[in-house]
Amino acid sequence: MDLELTPDQELLRDTTRKFLQATIPLTEVRALAADPAGFDRGWWKKGTELGWTSPLVDEERGGGSVSGEGLRDLALVAEEIGAMVSPGPLIPTNVVAQTLSRDASDGLAGRVLPGLLSGESVAAWCVAEPGRPLTPDGITLRARRDGDEFVLDGVKRPVEAGGEADWLLVTATGPDGLSQFLVPSSASGLRITPLRGLDLVRRNAEIRFEDVRVPASAVVGVLGGASLSFERQIQTALVLQCAEIVGATDRVFDFTVQYAFDRSSFGRALASYQALKHRFADMKLWIESAQAITVDATRAVQADASDAAEVVRIAKAYVADRCPELIQDCIQMHGGIGVTWEHDLHLYLRRVVLHRETYGDPMEHRDRVAILAGR
C-alpha cells in the first residue's frame with residue numbers, strides 16, 4: 001500500500017472497496033464462474049463511473065484522474081480488485097485506452113475512446129504469442145500492405161478478454177517494423193476461441209488472424225514506430241498486475257492470521273505457537289517487500305523514470321515469485337479446509353498464478369533485466 005496518498009486518492013480507494021464489497025462479494029464471483037463472459041456489462045459500466053477506465057486518458061480526450069497521476073490512481077483500484085478477486089477487463093481495457101489517448105489519430109480516438117470510458121465497450125490487447133517471448137523480437141503476427149489496406153496474419157494467445165472485447169489492439173510486425181492496429185472484433189477473418197483457465201472469472205482466448213483486412217486509418221501511431229508504445233504498454237500492464245497480486249495476497253494473509261487466532265489446537269490458539277509465529281514473520285516480510293517494490297515500480301513508471309523498465313520487471317519477478325508461495329503457506333496454515341472448494345483460498349491462488357504466467361513470467365523478466373543491465 002502506498003502510504004503517501006492524497007485525500008482524493010484515499011476517497012477513490014475507499015469508494016472502490018465499498019463498491020466491490022457491495023456489488024461483487026465472493027459468492028457472486030463464484031456464481032460468475034459459469035458465465036461465458038465472466039463479468040456483467042452493467043456492473044462494469046458502474047465501475048467506469050467510479051473512474052476505472054479514465055486515469056490513463058488525457059483530459060483533452062475525455063479522461064482524467066483524481067490526483068493527476070493516473071497510474072498511481074489506477075494501481076489503487078487494481079489493488080482493491082485483487083483483494084476481492086473481482087472480474088472485469090481492467091488491465092487490457094486501460095492499456096488500450098492509454099495507447100489510443102497517446103498515439104491514435106483524433107478520428108480513431110474520438111470513435112473508440114468514449115465507449116471505453118463509459119463502459120459501453122471493452123478492449124483487449126493482442127500481444128502474446130504461443131511459445132514466443134514478450135518482446136518486439138518475439139512478435140511474429142505479420143502486417144503487410146495491400147493497396148490502401150493492411151492484411152494481418154498470425155495467432156495471438158492468450159488474449160485477456162479476447163472473447164468479450166469489442167475492439168482489439170493488435171501488435172504486429174512487418175517490413176516497416178513494429179506497428180499496432182485497432183481492429184473491431186467483428187472483422188472478417190478473425191477466429192476467436194475461448195481458452196480454459198485457472199481464474200474463475202478472468203477469461204482468455206486464442207485469436208487467429210487469417211487475411212484480416214483493415215484500412216490505413218486503423219494504424220495506431222506511426223507505422224513501424226510502435227516500439228516505444230509497446231514498452232509503455234508492458235510497463236503499465238506489469239504495474240497493474242503487481243498491484244492486483246499484492247492486493248490479493250495481503251487479503252489472504254489477513255484472514256489467515258485471523259484464522260490462526262480463532263483456531264485452537266491442544267487448548268491453545270494456533271497463533272500462540274512459536275514455530276508458526278516465525279512463519280508468519282517471514283510471510284509478513286515478504287508481503288511488505290512486495291508492497292514496497294510495487295509502489296516503487298508504480299512511481300517509476302508514472303514518472304517515466306530512466307530506470308522504469310528495470311524496476312517494473314524486477315517488481316514483477318519478485319512479486320510473482322513470492323506471493324504465490326506465500327498463499328501456498330497460508331493454505332498450509334489452514335490445514336485440510338484450505339484445500340477444499342468451499343474455502344475461498346483457491347480463488348486467490350488462481351488469480352495470482354494466472355498473473356504470474358501472463359505478460360511474462362519471473363524468469364523471462366529476470367532475463368530482460370540482465371539484458372537491460374548489459375549482462
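In this text the structure is predicted, and so the values were computed from the model without any measurement.
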Take atom CZ in R41; do more than 12 heavy atoms of anything else shown fall under 6.0 Å from it? yes
Salt bridge present between D344 and R30 (N-O < 4.0 angstrom): yes
Taking the six-membered ring of Y273, is the NZ or CZ of R268 close enough (under 6.0 Å from the centre) and on axis enough (within 45°)? yes
Candidate list Q180, Q233, R232, test side chain to side chain donor-acceptor pair (under 3.5 Å), partner T99, passing option: Q233
Salt-bridge contact R203-E160 (side-chain N to carboxylate O under 4.0 Å): no
Salt bridge E210-R191, side-chain N to carboxylate O under 4.0 Å: yes
salt_bridge(D153, R142) N-O dist < 4.0 Å: no
Verify same cluster id: M283, Y259 (apolar side-chain graph, 4.5 Å): yes
Check side-chain contact (heavy atoms from CB on, under 4.5 Å) between P194 and all other residues, then give those that pass, not counting sequence neighbours. none
For the residue pair T23 / W43, report whether a side-chain donor-acceptor contact shorter than 3.5 Å exists. yes
Hey, are D361 and R356 close enough for a salt bridge, meaning a charged N less than 4.0 Å from a carboxylate O? no
Judged by modelled atom types alone, do D103 and S229 share a side-chain donor-acceptor pair under 3.5 Å? yes
Under 4.5 Å between side-chain heavy atoms, counting indirect links through other Ile/Leu/Val/Met/Phe/Trp/Tyr residues: same cluster for V353 and Y359 or not? yes
More than 12 foreign heavy atoms under 6.0 Å from CG of L228: is that the case here? no
Short N-O contact, R368 and E364, less than 4.0 angstrom: no
How far apart are the closest heavy atoms of F255 and L345, and which atoms are they? CE1-CD2, 3.7 Å
So, D106 and R61, do they make that salt bridge, N to O below 4.0 Å? yes
So, D73 and R13, do they make that salt bridge, N to O below 4.0 Å? no
Taking atom types as modelled, find out whether W125 and T171 have a side-chain donor-acceptor pair closer than 3.5 angstrom. yes
Is R157 salt-bridged to E129, cutoff N-O under 4.0 Å? no
Looking only at side chains, do H346 and R350 share a donor and an acceptor under 3.5 Å apart? yes
If only side-chain N and O atoms count, and only distance matters, is there a donor-acceptor pair under 3.5 Å linking S67 with Q9? yes
What I want to find out is whether E69 reaches R72 closely enough, with some N-O distance under 4.0 Å, to be called a salt bridge. yes
Specify the closest pair of heavy atoms between F181 and A172, including all atoms of both residues, with the distance to one decimal. CE1-CB, 4.1 Å
Is there a donor in the side chain of E231 and an acceptor in the side chain of Q235, or the other way round, less than 3.5 Å apart? yes
Measuring only between side-chain heavy atoms, which start at C-beta, is T173 closer than 4.5 Å to T140? no
Cut-off 3.5 Å, side chains only: do D262 and Q258 have a donor facing an acceptor? yes
Aromatic ring centroids of F253 and W286 under 6.0 Å? no
Hey, are E4 and R299 close enough for a salt bridge, meaning a charged N less than 4.0 Å from a carboxylate O? yes
Are any of the side-chain nitrogens in R144 or D211 under 4.0 Å away from the carboxylate oxygens of its partner? yes
Within the supplied structure, the quantity of interest is the number of heavy atoms (other residues, nucleotides, ligands) at a distance under 6.0 Å from Q21 CD; does it exceed 12? yes
